[in-house]
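Computed from a predicted model, the values in this text were never measured in an experiment. In the text below, chain A, chain B and the rest are named by the order of the sequence lines, each starting its count at 1.
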2 protein chains.
Amino acid sequence: MAKKTYLPHLAYDSVIFGFSDGELKILIMEYHNTGLFALPGGFVQKTENLNDAVLRGLHERTGITNIYLEQFYTFGDMARFKPEVMQTLLEANGIDAKGEYKWMLDRFVTVAYYALINYKDVTPRPDALSDSCEWYPIKKLPKLILDHKLIVEKAIQTLRDNLDRKLVGGNLLPKKFTMNELQKVYEAILGAKLRRTTFQRKMLAADVLKRHEKQFSGKAHKAPYLYSFKK
Amino acid sequence: MAKKTYLPHLAYDSVIFGFSDGELKILIMEYHNTGLFALPGGFVQKTENLNDAVLRGLHERTGITNIYLEQFYTFGDMARFKPEVMQTLLEANGIDAKGEYKWMLDRFVTVAYYALINYKDVTPRPDALSDSCEWYPIKKLPKLILDHKLIVEKAIQTLRDNLDRKLVGGNLLPKKFTMNELQKVYEAILGAKLRRTTFQRKMLAADVLKRHEKQFSGKAHKAPYLYSFKK
DNA sequence: TCATTATTGTCTCAATTTGTAACAATACTA
DNA sequence: TAGTATTGTTACAAATTGAGACAATAATGA
């Protein structure tokens with residue numbers, strides 16, 4: 001955390017999406033004894049690629065490598081400069097905000113990314129300053145520091161815009177999934193119900209799915225096929 | 001240009017699109033006595049909004065205010081760190097690269113924007129270090145420094161993706177234009193011919209155009225209507 | 001064993017959108 | 001006043017999407 005190792009004034013924040021219980025969720029960190037909630041973020045080492053810094057941070061927090069990651073906006077307004085917030089975080093952790101960590105009170109421009117991961121693959125790990133790193137449904141987020149709410153909203157908007165174009169929904173599921181599970185992911189992202197038959201036809205016509213064996217659930221009805229994304 | 005006034009390690013670059021002679025063009029700067037070409041860019045003052053810094057730079061170079069501007073990506077690879085390039089630029093201008101301007105040889109992360117402007121409204125003005133600031137057709141760009149070619153390609157790709165979604169084509173034309181002129185802008189951006197009747201129907205159905213008086217060109221055929229974008 | 005139930009995969013037909021061409025209405029020229 | 005190039009609109013075909021019907025399961029339970 002020495003000033004020397006990181007680029008000053010530059011940070012990243014990540015909106016990490018997961019899917020469970022039919023809901024879209026994101027990882028939120030809570031800081032010790034402050035009641036402050038924030039997106040997981042970090043800093044960029046002086047000789048490190050920006051994208052690599054984010055992948056490094058995601059790996060530390062989720063244990064996953066090979067993460068679907070997309071940069072979507074860089075936030076650089078002066079309005080997001082509130083040194084008293086960072087000071088609260090540092091002091092709550094018994095760190096002298098006038099010492100080695102003083103650079104963290106400076107103005108930061110932050111590059112925002114979103115990640116799509118399979119909920120089950122993750123065991124959230126808090127970092128040194130934070131109390132917990134937990135999943136929150138996007139409809140029930142706690143109050144977030146600075147402009148992090150805005151960052152989340154822009155992430156969701158970008159994800160929606162990219163959903164059909166980049167066929168990215170599968171990254172929120174295990175390798176193999178049923179058509180119904182995929183549809184539920186789409187519905188959670190778009191915030192709207194979709195028609196079963198139209199959805200199935202569209203996905204099959206897109207020619208991106210590979211069909212596997214059937215999944216027998218033990219329920220009293222026809223078993224659905226399992227699918228995975230090609231390539 | 002004193003180090004004190006700007007955020008270190010952070011820059012912006014702008015891909016400024018204009019349309020003339022049926023072609024999409026961008027503004028490129030050439031540096032004195034170096035044969036080096038680059039996108040117009042700049043730095044962010046320590047107490048200035050990122051977006052405002054870009055608008056300020058665009059105003060200085062084009063004289064225009066009220067510019068359509070969109071941020072599209074932040075480039076932060078180490079591969080773009082080539083201090084010898086900036087050193088060449090400074091020395092060609094008789095500036096001691098070891099002095100006050102030494103910070104410009106550092107690593108920079110750059111936030112890239114594209115702008116859409118009406119070609120006729122612009123009188124390109126070079127900045128202190130550059131020789132000229134001129135329009136180049138996107139098909140005939142000179143070799144650009146660093147990763148600026150990549151930045152241009154990503155700008156064009158983003159512009160294409162946003163074309164229908166954000167209906168931004170009109171920003172490249174004067175307030176009033178004919179349907180045919182608008183179609184030519186779309187064709188230049190997409191790099192493909194469009195069908196006249198389908199294009200006209202789509203634009204009218206989108207309900208974003210206001211129809212004005214006819215434009216009499218003096219040619220021996222029916223005069224087209226002029227249109228402007230609503231609001 | 002065999003009707004019952006819930007869900008799935010596919011098909012059908014209607015509604016809508018898009019592709020393509022035709023056509024009448026200019027605005028000017030010769 | 002006929003001829004020419006271009007425009008705005010319409011007409012019809014082709015393709016896509018909406019909405020429902022229907023047969024094919026897997027299990028359950030009489």
Closer to the 5' end of DNA chain C via nearest nucleotide, is it B:Lys202 or A:Tyr225?
A:Tyr225
Measure the acute angle between the ring planes of B:Phe17 and B:Tyr114, then classify it against the limits of 30° and 60° as parallel, tilted or perpendicular.
perpendicular
Hey, which of these two, B:Arg201 or B:Arg196, hits DNA chain D nearer its 5' end, going by closest nucleotide?
B:Arg196
Taking CZ from B:Phe199 and P from C:dT17, how many angstroms apart are they, rounded to a whole number?
19 Å
Measure from the side-chain heavy atoms of B:Asn180 and tell me the nearest of D:dA24, D:dT7, C:dT10.
D:dT7
When rounded to whole Å, the CD to C1' distance for the pair A:Gln215 and C:dT7 reads 13 Å
Whole-Å distance between C:dT10 C1' and A:Met203 CE?
17 Å
Do A:Gln183 and A:Glu187 have a side chain donor and acceptor closer than 3.5 Å?
yes
Determine which pairs satisfy side-chain hydrogen bond (donor to acceptor under 3.5 Å, both in side chains) with at least one residue from residues 129-145 of chain A, sequence neighbours left out, and list them in order.
A:Asp127-A:Ser130
Against the side chain of B:Gln200, the closest entry in C:dT7, C:dA27, D:dT9 is D:dT9
Report, as yes or no, whether the 6.0 Å neighbourhood of atom NZ on B:Lys230 holds more than 12 heavy atoms from other residues, nucleotides or ligands.
yes
Quick one: is A:Lys214 getting a side-chain N or O under 4.0 Å of the D:dA26 phosphate, OP1 or OP2?
yes
When rounded to whole Å, the CZ to P distance for the pair A:Phe216 and C:dT8 reads 14 Å
Result for 5'-nearest mapping on DNA chain D, choosing between A:Ala220 and A:Thr197, is A:Thr197
From the list D:dA26, D:dT7, D:dA21, which nucleotide is the closest neighbour of the side chain of B:Lys222?
D:dT7
B:Arg195 vs C:dT20: side-chain N/O to OP1/OP2 distance below 4.0 Å:
yes
Between C:dT18 (C1') and B:Leu194 (CG): distance, integer Å
13 Å
Whole-Å distance separating the NE2 atom of A:His221 from the C1' atom of D:dT25
10 Å
Considering only heavy side-chain atoms of A:Pro224, the closest of C:dT20, C:dG9, C:dT10 is C:dG9
When you get a sec, tell me which of C:dG19, D:dA27, D:dA19 is the closest nucleotide to the side chain of A:Thr198?
D:dA19
Per the ring pair (Phe, Tyr, Trp, His ring centres under 6.0 Å) rule, which among A:Phe43, A:Tyr12, A:Phe75, A:Phe81 passes with A:Phe108?
A:Phe43
